[in-house]
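Here's the structure we're looking at; comments come further down.
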Amino acid sequence: MKLHEYQSKAVLAQAGVPVPKGSVADNAEDARRIAEQLGGRVVVKAQVLMGGRGKAGGVKLFDDAESAGNFTRELIGKRLVSVQNPQGMVVERVLVAEQVDIAEEYYLSVLLDRDVQKLVVMISAKGGMDIEEVAATDPEAIARLHVDPAWGLCDYQIREALRQASIPPHARSQMVTMIKRLVRAYVDADADLVEVNPCAWTTDGRLVAADAKVSIDDNALFRHPDLAGTAEDSADDPIEAEAAKRGIAYVRLKGDIGIIGNGAGLVMCSIDEVAAAGGRPANFLDVGGGAKADRVKACVELVMMDPGIKGLLINIFGGITRCDEVARGILEALQQLDLKVPVVARIEGTAADEGRKLLEGSPLVSATTMREAAQKIVALAYG
Amino acid sequence: MSILVDRNSKVVVCGMTGREGSFHTSQMIAYGTKVVAGVTPGKGGTEHLGVPVFDTVQDAVERTGANVGLIFVPPPFAADSILECEDAGLPFVVAITEGIPVLDMVRAVNRLKANGKTRLLGGNCAGIITPGEAKLGIMPGHIFTPGPVGLVSRSGTLTYEIVWELTNAGLGQTTAVGIGGDPLPGTRFLDILQMFEADEATKAVVLVGEIGGSDEEIAAEYIRKEMTKPVVAFISGRTAPPGKRMGHAGAIISGGKGTPQSKVEALEAAGVPVPTDTSSIPELVREALAKAC
């Protein structure tokens, strides 16, 4: 679960990482008051989880509190649109923070290295840039430091990594401390990403997390009830937000053929088949085990929230659950919902023949293989 | 022959008295698996599904001689249960539990690796089955049949799909292993391929991978350099958008690896056919077996 910048900075501050002073506001008056307390020279940043918010006009510098308040009035309720997010997102909150006078910019992050099966700290002197681009064009500019889960990091290891990353000597001592605190923040918050970009060296010689991105491991949210409540407003898509609320594994893909299946691998496979047949998959949806009628119904409703859907593919492998039970679940769910688009159901596995027989005579089109199902739904949807 | 589990496996099920644990334990017993003990703290001394229940794994192992642990414990307590099985001296533990916090797994996986006494399979996996001998997990037992094909997969239902097609085509399995879909699996493709390579009864292997991480690429390297048995692979997620959950920093850790293109290319370079649909797998396996014999 991605956290907003103000939440991310709170997580870092709790672990002792220096962040610019500031506070979150959802109205002009609060924003003005915060700016006044900070001496008037502030930056106002829209709290939306999308890339390119600066270019979209969501970040501005001010010299007085009054203008910061006025800008907040304009911003709250406005939809920001960027190249990365053409649909845009509505601003509900802004972060009002002191301006940081940046002399140099570095990059720091903590994440899981799946190959090594340990946490890794990534360090680069090339801050403020897209780190993926740095990795692609100048991989030597990034130093990697693995964290022993039993021992943690020793100072000397960090010092060596900073040397390898060509971090200027004047910033190293503060950065050793910051890196240890970032790792502590990661562990304390059960994060799956802590990224500070830029990590700023100020004109008065302080190292500050000028921007921060923290994402929390969804599996560990039960240990962080204070953050768990903010899950729905952090999804960057309204249907994904609704899915999170209903506990359904859903990813929006922006096509027009809805896809429902059981098991992540099988759903991914269905998406591949629809694409191979010339279709544009609208989503990933894993219905989970069992495929009971009420569950299928909730899933179909969710997929159909996407306004452009032209057809629906349901692909279920019945294992311990018998296919005839699955077929009854699908029929029941679709009877309760008045669907205007063609539906292809492909059920295979235990008692598949009985299941397919049940679907005969219903408006559902049935199919035997995944490939056949994909070709049928593409033909029906675009025909 | 088979790998990791067989008719001599004596299973202790952690979390056996829970809803999932009860249902799947009864299915496993019906399949013929020797379930010798259950563990649920506070329920020691009782009996459930005709199996004695103990408070701790240590107690269960001492009194029943269990030699495999199987974990259905809820996510917040699952890693603790894995470590308990290791401490009780079990050489093999299978974690079915889905949703174990990643940091819990970082600690558990690294402790198991450092101590080198216990192999972990999972978490978030379908389990392992040696058809006709033992089933440890949640897969539908009746779709499997004994035969010469070893199968290893990151996905549950996709495994069932492919096994169903293999079985219907008359191609049975030595052992089918679900390594699970978590970012930090206790056992990886490479480990299982090495075991299949050493297993006399296994004549061909089916590897079912998906996007993310680079375990498929590591497996491909091993296949290219050292494996003598034929492998057929399948990769799902060929058209999925990159980096949906991982964010920017996550996408960079494996460089160009983790994409479906990278996996398919690595496998094909190792001489492994990677069909785009599951229905082609049985025929490719049959061809591979014919060539191998």
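Below, read A as the first sequence line, B as the second, and so on, with proteins coming before strands; counting in each chain starts at 1. Everything quoted here is computed from the prediction, not taken from an experiment.
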Q. Taking atom OH of B:Y222 as the centre, does the number of heavy atoms from other residues, nucleotides or ligands within less than 6.0 Å exceed 12?
A. yes
Highest number of heavy-atom pairs under 4.5 Å with chain A: which of [options]?
options: B:A240, B:G141, B:A126, B:P101; result: B:P101
options: B:T276, B:I143, B:I235; result: B:T276
options: B:E98, B:R238, B:E210, B:R188; result: B:R188

Tell me, side chain or backbone of [X] under 4.5 Å from chain A's heavy atoms, or both, or neither?
X: B:V109; answer: side chain
X: B:S153; answer: neither
X: B:M139; answer: backbone
X: B:R154; answer: side chain
X: B:Q27; answer: side chain
X: B:S236; answer: both
X: B:P185; answer: both

Q: Could you check B:K113, B:R111, B:R107, B:R119 and say which one makes a salt bridge (Lys or Arg N to Asp or Glu O under 4.0 Å) with B:E86?
A: B:R111
Atom [atom1] of [X] and atom [atom2] of [Y]: how far apart are they, to the nearest 0.5 Å?
X: B:I179; Y: B:N124; atom1: CD1; atom2: CG; value: 11.5 Å
X: B:L151; Y: B:Q173; atom1: CG; atom2: CD; value: 7.0 Å
X: B:T97; Y: B:D104; atom1: OG1; atom2: CG; value: 11.5 Å
X: A:L182; Y: A:L119; atom1: CG; atom2: CG; value: 12.0 Å
X: A:N283; Y: A:I239; atom1: CG; atom2: CD1; value: 8.0 Å

Is it the backbone or the side chain of [X] that comes under 4.5 Å from a heavy atom of chain B, or both, or neither?
X: A:T350; result: both
X: A:L253; result: side chain
X: A:V116; result: backbone
X: A:Y186; result: both

Q.
Does any part of the side chain of B:S155, heavy atoms only, come nearer than 4.5 Å to the side chain of A:L266, both counted from C-beta?
A. no
Q. With side chains defined as the heavy atoms from C-beta onward, is the minimum distance between B:V102 and A:D192 less than 4.5 Å?
A. no
Q: Might you work through the side chain to side chain contact (heavy atoms under 4.5 Å, CB included) test for B:L136 and B:Y31, ending with a clear yes or no?
A: CA-CA 10 Å; B:L136 282 76; B:Y31 192 79; over 6 Å; no
Q. Does anything in residues 159-171 of chain B get under 4.5 Å of chain A by heavy atoms, and if so which residues?
A. B:Y160, B:E161, B:W164
Q. Passes side chain to side chain contact (heavy atoms under 4.5 Å, CB included), A:E273 versus B:D277? Steps please.
A. CA-CA 8 Å; A:E273 288 288 4; B:D277 67 323; 3.1 Å; yes
(Q) Please determine whether a side-chain nitrogen of the Lys or Arg among A:D115 and A:R144 lies less than 4.0 Å from a carboxylate oxygen of the Asp or Glu. (A)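 Result for this pair is no, no salt bridge flagged.
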**Q.** A:E5 and A:K213 ion-paired at < 4.0 Å
**A.**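 Between A:K213 and A:E5 there is no salt bridge, as every charged N stays at least 4.0 Å from the carboxylate O atoms.
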